[in-house]
Amino acid sequence: MDLLKCIEDAGIVGCGGAGFPTHVKYKGAKVEYLIINGAECEPLLRTDRYLMIHQADRIVAAVEAVGELLEAKFCKIALKHTYKEEIKALEEAIKGRQSRVELALLGSFYPAGDEQTIVYEVSGRVVPPAGIPLNVGCVVSNVATMLCVSEAMEGVPFTEKYLTVTGEVAHPVIVKVPVGTSFDDCIALAGGTKRSRYFIVSGGPMMGKRLTMEEAHQAVVTKTTSGILVLPEDGQIAQKTEITLQHMFNRAKSACIQCRYCTDMCPRHLLGYPLAPNKIMRKLGISSDIKSMLDDPDVQNAALCCECGICEDYACPMGLQPKRVNQQVKAALREAGIRYQRPEGAVYTPDPNRDGRKIPAKRVAARVGVGPWADLKIDELVEGQPNRVEIPVSMHIGAPSQPVVNAGDTVTKGQLIAKCPEGAMGANIHASIDGKVASVGQTIVIERIG
């Protein structure tokens with residue numbers, strides 16, 4: 001079996017982040033550490049925890065196979081030491097298979113699942129700024145990605161997604177639905193909402209995409225969707241999202257007290273990166289024209305921000321938004337074609353105070369306003385069978401997939417409907433239900449027949 005070809009044919013992309021095509025990540029890579037991210041550091045999300053409990057054997061088998069592909073010396077599944085049921089299930093699977101896979105137990109802090117953070121926690125190595133784990137002999141993949149790999153080894157393509165639906169719903173659950181299922185259908189599987197008006201976060205409350213109720217009605221599950229959080233429309237996250245950019249800049253200019261908390265608690269700064277959000281905020285106080293500041297080295301360091309949100313949701317005593325500022329700076333840097341240039345020969349040493357500045361996960365949940373749902377035990381799976389799916393042709397890093405079906409075609413679940421362009425980085429896409437293709441465009445719409 002050519003595992004890399006199986007992964008490519010199945011259209012697997014990273015399930016825990018931006019959707020980097022997995023076959024591209026693994027191609028030609030020979031590493032010392034294969035690290036499987038099971039930390040699920042975002043408050044409220046329970047998907048990976050569910051999979052580690054109920055699909056432990058398949059996950060361990062996939063880790064073994066990928067470890068062999070990458071010739072990894074160490075194969076580690078990294079998860080928090082507080083995940084007792086998950087640890088037990090994985091240990092039993094490892095023992096039953098007499099596997100060389102090991103567990104790496106992390107503290108219960110946020111963001112333990114950040115890629116650069118987890119590499120350091122497991123290997124003791126610092127990924128250089130603007131670098132990737134491969135630069136220090138590591139590859140990181142998500143737990144859910146390993147389940148997809150396990151299915152690909154059996155010839156099953158990536159067509160279904162596990163995700164958490166929680167918050168202001170009648171019955172928080174893990175749902176398993178076809179890619180392209182509407183958010184409305186997923187919320188219905190959780191018993192519907194408790195409110196007539198609500199706000200949605202796609203993903204976790206710290207880094208997830210914010211959606212109004214109206215926007216959520218148009219949203220669908222993609223290969224990277226990890227959760228759907230139904231939150232109060234007048235809640236803290238919704239209110240912060242409504243602040244306009246100009247008002248945010250005005251507040252930064254008038255209220256930043258240069259306390260440095262945003263920098264002192266920044267996970268990337270604590271790894272030794274030259275990222276200092278307080279300096280960016282100070283310079284924004286001089287000029288709110290971001291484009292005029294792009295030549296400044298301190299401003300260019302915004303490119304190193306992982307957008308975890310600690311700076312604005314936890315650290316800042318003035319309620320300012322350094323993360324959102326960094327997002328705007330990063331966008332301006334991309335538009336200007338300015339890429340971060342790492343100084344030659346630079347050495348990056350973690351801050352000696354790093355361990356004392358790790359933020360407890362429960363405290364983060366309380367500070368961001370999702371404390372009421374942080375301790376929910378979600379261990380029930382509900383499977384959805386929608387009558388209609390809308391599958392985006394671009395739901396991964398790289399080039400959009402090219403449709404190979406037309407409106408009116410009849411397709412079966414698992415059939416290739418869009419493929420990665422020749423010579424480009426991308427991923428194949430498959431039908432997630434049996435039915436007829438209703439339309440082809442930015443999305444491929446499939447409707448069940450009968």
Side-chain angles (χ1 to χ4, degrees), residues 14-20 37 39-45 109-120 127-133 140 142 200-211 222 224-227 229 236-238 240-243 245 248-249 252 261-281 284 290 294 298-316 319-335 338-340 357-359 361 364-365 367-370 396-397:
C15 295
F20 195 87
N37 188 348
E40 198 157 45
C41 63
E42 280 266 26
L44 275 61
L45 298 185
F109 68 94
Y110 176 81
D114 168 60
E115 190 168 70
Q116 273 75 347
T117 297
I118 208 166
V119 166
Y120 179 71
V127 178
I132 58 175
V140 180
N142 177 261
I200 294 290
V201 176
S202 175
M206 300 294 285
M207 292 188 275
K209 183 179 180 181
R210 276 72 167 156
L211 302 170
T222 70
T224 60
T225 306
S226 56
L229 312 183
Q236 181 177 325
I237 293 177
K240 272 197 170 185
T241 305
E242 291 175 356
I243 296 173
L245 287 175
M248 179 184 71
F249 291 148
Y261 290 163
C262 58
T263 296
D264 290 341
M265 294 185 186
C266 170
R268 294 293 172 87
H269 181 83
L270 290 172
L271 284 175
Y273 286 22
L275 173 60
N278 72 296
K279 292 183 179 180
I280 299 171
M281 295 295 283
L284 187 66
I290 289 177
L294 296 183
D298 289 328
V299 174
Q300 290 180 1
N301 287 340
L304 305 177
C305 174
C306 65
E307 303 180 23
C308 69
I310 281 179
C311 53
E312 67 181 49
D313 290 318
Y314 190 89
C316 182
L320 304 181
Q321 296 177 284
K323 180 187 82 170
R324 198 170 170 196
V325 168
N326 283 350
Q327 288 174 326
Q328 296 301 313
V329 174
K330 289 169 72 174
L333 289 169
R334 286 193 296 270
E335 185 179 342
I338 300 173
R339 302 187 66 178
Y340 179 79
R357 292 179 182 166
K358 291 177 179 176
I359 311 300
V364 167
R367 189 69 66 88
V368 80
V370 297
H396 50 260
I397 288 177

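Counting begins at 1 with the first residue of the sequence. Just so it is clear, the values below take in all heavy atoms, side chains as well, and ignore hydrogens, waters and symmetry mates.
The backbone N or O of G113 sits nowhere less than 3.5 Å from a side-chain atom of E40 that would complete a donor-acceptor pair. Checked by atom type and distance alone, the side chain of H269 never pairs as donor or acceptor with a backbone atom of D264 at under 3.5 Å. Checked by atom type and distance alone, the side chain of T222 pairs as donor or acceptor with a backbone atom of T224 at under 3.5 Å. No side-chain donor-acceptor contact under 3.5 Å links E42 to the backbone of G203.
Checked against side-chain contact (heavy atoms from CB on, under 4.5 Å), M265 has the following partners two or more places apart in sequence or in another chain: I310, Y314, A315, I359. With sequence neighbours excluded, the residues that form a side-chain contact (heavy atoms from CB on, under 4.5 Å) with C262 are P277, N278, C311, P322. Take K279 and apply the side-chain contact (heavy atoms from CB on, under 4.5 Å) test, not counting sequence neighbours, and it matches A276, R282, D298. S202 pairs by the side-chain hydrogen bond (donor to acceptor under 3.5 Å, both in side chains) definition with nothing, not counting sequence neighbours. Not counting sequence neighbours, N301 has no partner by the side-chain hydrogen bond (donor to acceptor under 3.5 Å, both in side chains) test. Applying the side-chain contact (heavy atoms from CB on, under 4.5 Å) test to R334 and every residue at least two apart in sequence or in another chain returns K330, A331. Taking R268 as the reference, D114 meet the salt bridge (Lys or Arg N to Asp or Glu O under 4.0 Å) condition, with sequence neighbours excluded. R210 meets the salt bridge (Lys or Arg N to Asp or Glu O under 4.0 Å) test with no other residue; sequence neighbours excluded. Annotation: side-chain hydrogen bond (donor to acceptor under 3.5 Å, both in side chains) contacts of S226 (sequence neighbours excluded): none.
L294 and A332 get closest at one heavy-atom pair: CD1-O, 3.7 Å. Heavy atoms only, all atoms of each residue included: A130 and L304 are closest at N-CD2, 3.6 Å. Nearest heavy-atom pair across Q300 and Y340 is O-CD1, 4.2 Å. Nearest heavy-atom pair across A252 and L284 is CB-CD2, 3.9 Å. Across N142 and C15, no two heavy atoms sit closer than the pair OD1-CB, 3.8 Å. Closest heavy-atom contact between I118 and A112: CB-O, 3.6 Å.
Applying the side-chain contact (heavy atoms from CB on, under 4.5 Å) test between Q321 and each of M248, M281, Q328 identifies M248 as the sole match.
Looking only at side-chain heavy atoms (C-beta outward), L275 and I280 come within less than 4.5 Å of each other. By the 4.5 Å heavy-atom criterion applied to side chains, Y273 and Q116 are counted as neighbours. At least one side-chain heavy atom of T117 sits under 4.5 Å from a side-chain heavy atom of F109. Proximity of V368 to I237: side-chain heavy atoms (C-beta onward) are separated by under 4.5 Å at one or more points. For the pair D313 and M206, the minimum side-chain heavy-atom distance is below 4.5 Å. Inter-residue side-chain proximity for C316 and Y261 is flagged as unmet; no heavy-atom pair is nearer than 4.5 Å. Considering only heavy atoms from C-beta on, L44 stays 4.5 Å or farther from V201 through its side chain. Residues V127 and Y120 are not in side-chain contact: their nearest non-hydrogen atoms beyond the backbone lie 4.5 Å or more apart.
Here CD of Q327 is found 10.0 Å from CG of L245. Values are rounded to the nearest 0.5 Å.
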side-chain contact (heavy atoms from CB on, under 4.5 Å) between L229 and L45: does it pass, once the steps are laid out? CA-CA 9 Å; L229 312 183; L45 298 185; 4.3 Å; yes
